[in-house]
Amino acid sequence: MTARSVPATLPQQLRANAAQFGDAMALREKRFGIWLSITWTEYLTRVRNFALGLHRMGFQRGDRIAILGDNRPEWVIAEVAAQALGGASIGIYQDSVVSEVAYIIDLCQARFIVVEDQEQVDKLLDIWDDLETVESLIYFDPRGLRHYDADFLVAFPDVESDGAAMHAEQPAWFDEQVNLGKSDDTAIISTTSGTTSKPKLALISHGNLLSMADGLAAVDHFKPQHEFVSFLPLAWIGEQMMSMACGMRIGFALNFPEEPETVQHDLREIGPHIMFAPPRIWENMLSTVQVKIEDADRVKRTIFNWALTIGRRAADLKFANKSLTFWQRAGLAAARLLVFHNLLDQLGLRRIKWAYTAGAALGPDVFRFFHGLGVNLKQGYGQTETTGICVIHRDDDIKFQTVGTAMPGAEVTTDNRGEILVRGPMCFSGYFNNPEATTSALTEDGWVRTGDAGYFDEDGHLIVIDRAKDVMTLHDGTRFSPQFIENKLKFSQYVREAVVFGGDDFPYVTAIINIDFGNVGKWAENHKTAYTTYTDLSQKPNVYDLIRREVERTNADLPGAARIRKFLLLHKELDADDAELTRTRKVRRGYIASRYQELIDALYGDYDEARITSTITYQDGRTQTLDVAIRIEPMEPVPGGVAS
Amino acid sequence: MATQSGIYHQTYASDMQLRPTTMQRVRLVLVAALLVIIPFVVDSSTQRLVNTVVIAAIGAIGLNVLVGYTGQISLGQGAFLAIGAYSCGLLQAYLNVPWPIALLAAAFISALLGGLIGLPSLRLKGLYLAVATLAAQQIVDWVIINWDPIDGEINGRATDALRIPGNALFGNADLRLNNNDTLFYIVAAAILVVVAIATTNLFRTHIGRAFVAIRDQDIAAEVMGVNLHRYKVLAFMVSSFIVGIAGALLALQSTAISFERFSLSVSIEYLAMIIIGGLGTVSGSIYGATFIVVLPEVLRSIGRMLTGTDAASLSEFNRVLPFVQEGVFGVVIVATLIIEPEGIQRIWRNIKDYFRLWPFSY
Amino acid sequence: MDPNEVLKFLRLTYTGFSDGALLALIALGLVLVFKSTDVINFAHGEFMLLGGFVGYQLLTITASWGIDPTLGTILSVAALVAAMVIVGTLVERLILRPLIGEQIISVIMVTIGLSSIIDAIVGLAWGTIPQPLPYSIVPAALSGRWQIEMEGARRPLNLPQEAMLTILVVVILVVLLMVFFKRSKYGIAMRATADDQQAAMSMGISIRVVFGLTWSLTAVLAGIAGLLIGELTNAVGGDIPVVGLRAFPVIILGGLDSVAGAIVGGFTIAMLETYASGYIDPSLKNVVPYIALLIILMIKPYGLFGQKRIERV
Amino acid sequence: MTLSRFARPYEVNSPPRRRLVVDHISLSFGGVKALTDVSLQVEPGKIFAIIGPNGAGKTSMLNCICGLYRPQHGHIWYGDTDLVKTAPHRLAHLGIARSFQNIELFNHMTVLDNLMLGRHVHMKKNLLTALLYWGSGQAEEIRHREFVEHVIDLLQIQGIRKQQVGALAYGLQKRVELGRALAVNPGLLLLDEPMAGMNVEEKEDVARYVLDINEEWGITIILIEHDMGVVMDISDTVAVLDFGRCIAVGAPDQVRSDPAVIKAYLGEQE
């Protein structure tokens, strides 16, 4: 390979990076209390060894390796190693329950699975007999596995040392394999988020990934010395796109947090320059700030509120492309000095140059908040099938109600029914083993059907309404996005999740709301309300009053027909383990509607409470059955006079 | 304000540093600069006051090692100071030892005797130990008053005080400490810096941790393998080594020393320093020492401003001042314990936290 | 046997005995506080100082009214008791209560701080010069000097009869206290609290009331001791707290929580002091108690009568 | 020692595991008999549980083993050493560590420092290097920090390593105490009700850790616990104490069906 040629695959890019950056840090993992580092050279060596080891175990070109675990160096090493051999990796969300794992492995027919630890091994052993294709389980955290003597269990370092031995015998073999890689080869198989159906497996090529990275890097000029914290599941296309595609293409370091619960702290230690996260992360950050500010003393609160007003005003002017007056600039500078600098430091966002949100719509209030602080937060749009994002805000052209304009290389349009279509080098080639789905997702001339409804505004910005099938037609005939109402509700620190119903078959708008256990719990303690469990707290009358005020606030901004007429506080948190959310924590509306049919009936009938029997599954698999009375809270008279 | 994001450690050595943030380092440089500047900007009476503060700070750090860090209450600080002072004085007066050697020797003698005084701690706890150290105080006081070799003659009169010759170094009369406040400051301040750093270091290691463990939960410490006997005596020795240095400096600063400077009320004054400054912290010892030494002077100055210049007013001022000083001393102790039992150090930390956590409160 | 030696011995013993009674009285006050509140009161000597001067002031006032000394003494002592009750209550409420449950060193220091405050107040109010009492509070029957005949010759023993007063007062106070603790509701509450605070609280005893009462009682005892010292030395002055300091070896020797220990300790220490200064060297008076104390503590770490605290893990 | 997930610290510095023999010990406090003629044998590498009603003498038993109480009669042999004649602080040197029933942590120290104290017996550097914090003194601290980090990793307390122990929740404090004992790198670990006051999930976590410690680090464990389910699940041998006497010893199933045990427990039921 000549130095000038542009690498076509991730392994080729890794090799180029190792040559170019050498001893610079490629991966950092917080472990044993410090950030243990892997240089580009070491990264390449470990990928090579693991790849050769895999080869010795029988991994063939075109094979798939499934990876199941938290973000660790071994995760990405396994991925790139498989790719170096001409194979593809498929990430499985680490918190998936056994049935989901079985479904995906069965679908992708992986022969090798790389898992993190005993917890994941146990999941796989549960279903081992049903996994016909799998030959080996390779684990990289040995704790608790001492007495597991199945011969298909292999330790990660053993594979690496096998590979090292092979490299000593055939030093050129690995390079030859890498050279064989082509841009069109499948690099990863990504599970679609599956809000409406079981996940499908999208085939994403090296070309898809790298062109996506090139597109994004053309918009925002990432540099090798930038830091990135990889804390969202690597099974998610968004994390693949940032960590694997951009990270590899640009050569910036990936930092893996110590434990899921230390992410916030580790994020602060690193102080990343680039961050890509779905709306819930930004919403959580906002509610953390809100709660902490409420607990701060009056001086701090007053100064914070003043600064935020200044910041928001400046953000609004920026959105409107207007310039600030001298005094506004001075005020903003003061607000930055007095509040924002430190606030961002607390959040770990002090060095952020570019922050992105994608995957779902982010509420405008959250968006304004971060821009008020001076975080360059940009909305992007895309989906698994387009390798993450294909539409993005530009630095000087941000409008929070839109998702921006097409990335370099991408074409975006809408068809006559308003469905958004995308074409370009980042678009996938089809679903694995699912020709029907591929046919319906791809048009004959290569457009990806996104299934989302949208339109372009006068500046050419794309505005996404919602999943096409979710858009509701209200009783007065207007079309309305339930997500818009849900986001307004979720702006409240007390609301964790909301599911709004209202279109088509339903005569008026209602909401099923999940309270935020931590924040409402704290509020309850401050208001001398004793509670025991989530269920208990959710049904406290004064908690209902609290949420009622939040709903009133939401309703105030909504047109009459879109106002919430009744709501209820769900007795349990929506959970991905119960299939109520996707693994990326998107609400599965249809499933919820059918699962809580009694509640929906009660919301649309003449009741003040609904009784529900529900089965709760604990982490260890035990279940418990609860019989709960859930109060229905009326807000406004319902149209048609069905009074309650 | 604090900037902590972007500071991450890739080695334990860097993770275990004392001052990782820029702000902390800037503060450290400022303090160092202040120490260097002092002799250039203050007048001679202030310099003497500063010197007293420095000695008190060293003594308070020593006491804090024992009381604040190790939890062994001592009412015998005066005795430890006396041992240091008289060892140093006697070495100079009788053996003509140059002062640096006398100083060091005094520290070692103090450590040895301190270990001896600490022996009761092996059997006694809490108040019983406190009164046992009071015994040391009384016994040492008695020795000072009644043992002839440590009495001296001043201006031809026999007194209880020991005269300190103030030996010159290298035969150079300018290198005497008891007539050169600036030189004394340089020596004492340097010692303070070394003592402060060494003490801080000590509590980053297993020995210091063992001390703190004994304070927090002695039975658990013992079960974890800490030899209580050895470490309690060691704490007494380390403490009295440092206090001994302070005592020796007291001797080196003066031309004569007598028992009043090492009485029970001195012990109490030092306890007040570490309580007001903050138990179990080096910085607290320094704040407390400064506060307790400077407070009476401040009261005197304020009183002077409020008093007339006629003879009657002055005599009234002189009558009232000591009582006001003592009363304020008592009020400060009581107020500290009731309002902020962790002392000035805690108040300062709260202030720093207020801005470090800005705009949050936690 | 040399009669002079015998006389010396008798004289020393008498002094030691009366001195011991005084020390026992002071120690009693300290033990009382420690037993029910776990506080060792370093301001006890200053309570005595304050009591001495308040007593002096009351006697001076009654004298200026021209009242008969006996009635004046009774009135003054009654007023002194009332004043010390107020002082004790205030001190407990304002200074000790906020520190309940704090570490030992804090509690020690707060009483030390208190002692400075009282010193300052007394100094500002009465100055530093010792003030003679306007009249003796000892009934005429008790004043005068003991004379003893020996071996036919009149050899004056020449001991102040007033010293008997201390012993008398201590006996009376101990009897009163015993009755109080055995019979009165509050006395029983105080004993219960001293035994086990948690249990006492669960029995409905108000710890606050008990603590307030304890401090009042100890202040009264200290005040009476202060006035006694004034009578014995013919003047009240700034050195009264030094006498208070002498009670520390006493309570440690006897055991911090033992009333009997306070009394036995008081006499032991006083005897040791007088014999040591009489037979060996007067300068030893101040150190001998401490040397004895160290020896005793090495053998019995909780004093002669103190309760060993078993530590549970 | 390296910072790899696959390197286990015990492989570098594994204390010898010896047999513990409690040989006819009797303990009384001023006439009150806490233990009467108790004999037990704990084999290396096993989990040995002591159960019994409150006041049966379980904690007294542990206190005798670690030298806090001196039994009036009998011997406790750990290998060739008679623990009855050994000072408490020597126990850690012999490779015996324990946790306490009522948490006895160093409340004003951080989690890290509490665990580092567990390394105390392995730290040799003298006062001078401590004062200088230079060269070998610092190197020693770092070396032991690495060990402690393995313990933190095992017990999953990464999130709290720099917090003051006194401010932690009860369950976490219990875990830190376990960690502190583990930091001693013991051959024998005495756990006094490590799961008391915990909910079901926390108990399962701790049971998991106890098994991990036993299996992965090869440490012999003597466990006092009230939760019968857990005890029967994880122990190799169970001894039952009642009024200071050992009324049964054996495998869990055997003990469960022992009539004397059933009587003792039925008699206690409220």
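Numbers restart at 1 for each chain; the letters A, B, ... are given by sequence-line order, proteins then strands. Hydrogens, waters and symmetry mates are skipped; everything else that's a heavy atom, side chains included, is used.
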Visitor: Looking only at heavy atoms, what is the nearest atom pair of B:Asn227 and D:His89, with distance?
Guide: ND2-NE2, 3.3 Å
Visitor: Quickly, which of D:Glu149, D:Gln138, D:His144 forms a side-chain contact (heavy atoms from CB on, under 4.5 Å) with B:Tyr12? Name it, please.
Guide: D:Glu149
Visitor: Looking at D:His93, D:Arg90, D:Glu140, D:Arg180, which one has more heavy-atom pairs under 4.5 Å with chain B than the rest?
Guide: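 Of D:His93, D:Arg90, D:Glu140, D:Arg180, D:Arg180 has the most heavy-atom pairs under 4.5 Å with chain B.
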Visitor: Can you see which heavy atom on D:Ala130 is nearest to which on B:Ile207, and at what distance?
Guide: CB-CD1, 4.0 Å
Visitor: Should D:Arg145 and B:Asp15 count as side-chain neighbours, where that means a heavy-atom distance under 4.5 Å?
Guide: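 The answer is yes, as the side chains (C-beta and beyond) meet within the 4.5 Å cut-off.
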Visitor: Please name the pair of heavy atoms, one in D:Leu132 and one in B:Asn201, separated by the smallest distance, quoted to 0.1 Å.
Guide: O-ND2, 3.3 Å
Visitor: Please state whether the side chain, the backbone, both or neither of D:Leu127 comes within less than 4.5 Å of a heavy atom of chain B.
Guide: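 Both backbone and side chain.
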Visitor: Can you check whether anything in residues 230-248 of chain B gets within less than 4.5 Å of chain D, heavy-atom wise, and list it by number?
Guide: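 Near chain D, by residue number: B:Tyr231, B:Leu234, B:Val238.
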Visitor: Could you please state which residues from residues 109-117 of chain D sit under 4.5 angstrom from chain B, measuring non-hydrogen atom to non-hydrogen atom, sorted by number, or 'none'?
Guide: D:Met109, D:Asp113, D:Met116, D:Leu117
Visitor: Which heavy atom of D:Phe100 sits nearest a heavy atom of B:Ile219, and at what distance?
Guide: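 Looking at all heavy atoms of both residues, the shortest contact is CE2-CG2, 4.5 Å.
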Visitor: What distance separates B:Met224 CE from D:Arg98 CZ, expressed to the nearest 0.5 Å?
Guide: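 It is 11.0 Å, given to the nearest 0.5 Å.
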Visitor: Is the count of non-hydrogen atoms from other residues, nucleotides or ligands lying under 6.0 Å from B:Tyr354 atom OH greater than 12?
Guide: yes
Visitor: Using side-chain contact (heavy atoms from CB on, under 4.5 Å), reason through D:Asn107 and B:Gln217 one step at a time and then give a plain yes or no.
Guide: CA-CA 8 Å; D:Asn107 280 338; B:Gln217 188 38 261; over 6 Å; no
Visitor: In a check of side chain to side chain donor-acceptor pair (under 3.5 Å) between D:Glu141 and each of B:His206, B:Arg209, B:Arg204, which one passes?
Guide: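 Result: among B:His206, B:Arg209, B:Arg204, B:Arg209 is the only option passing the side chain to side chain donor-acceptor pair (under 3.5 Å) with D:Glu141.
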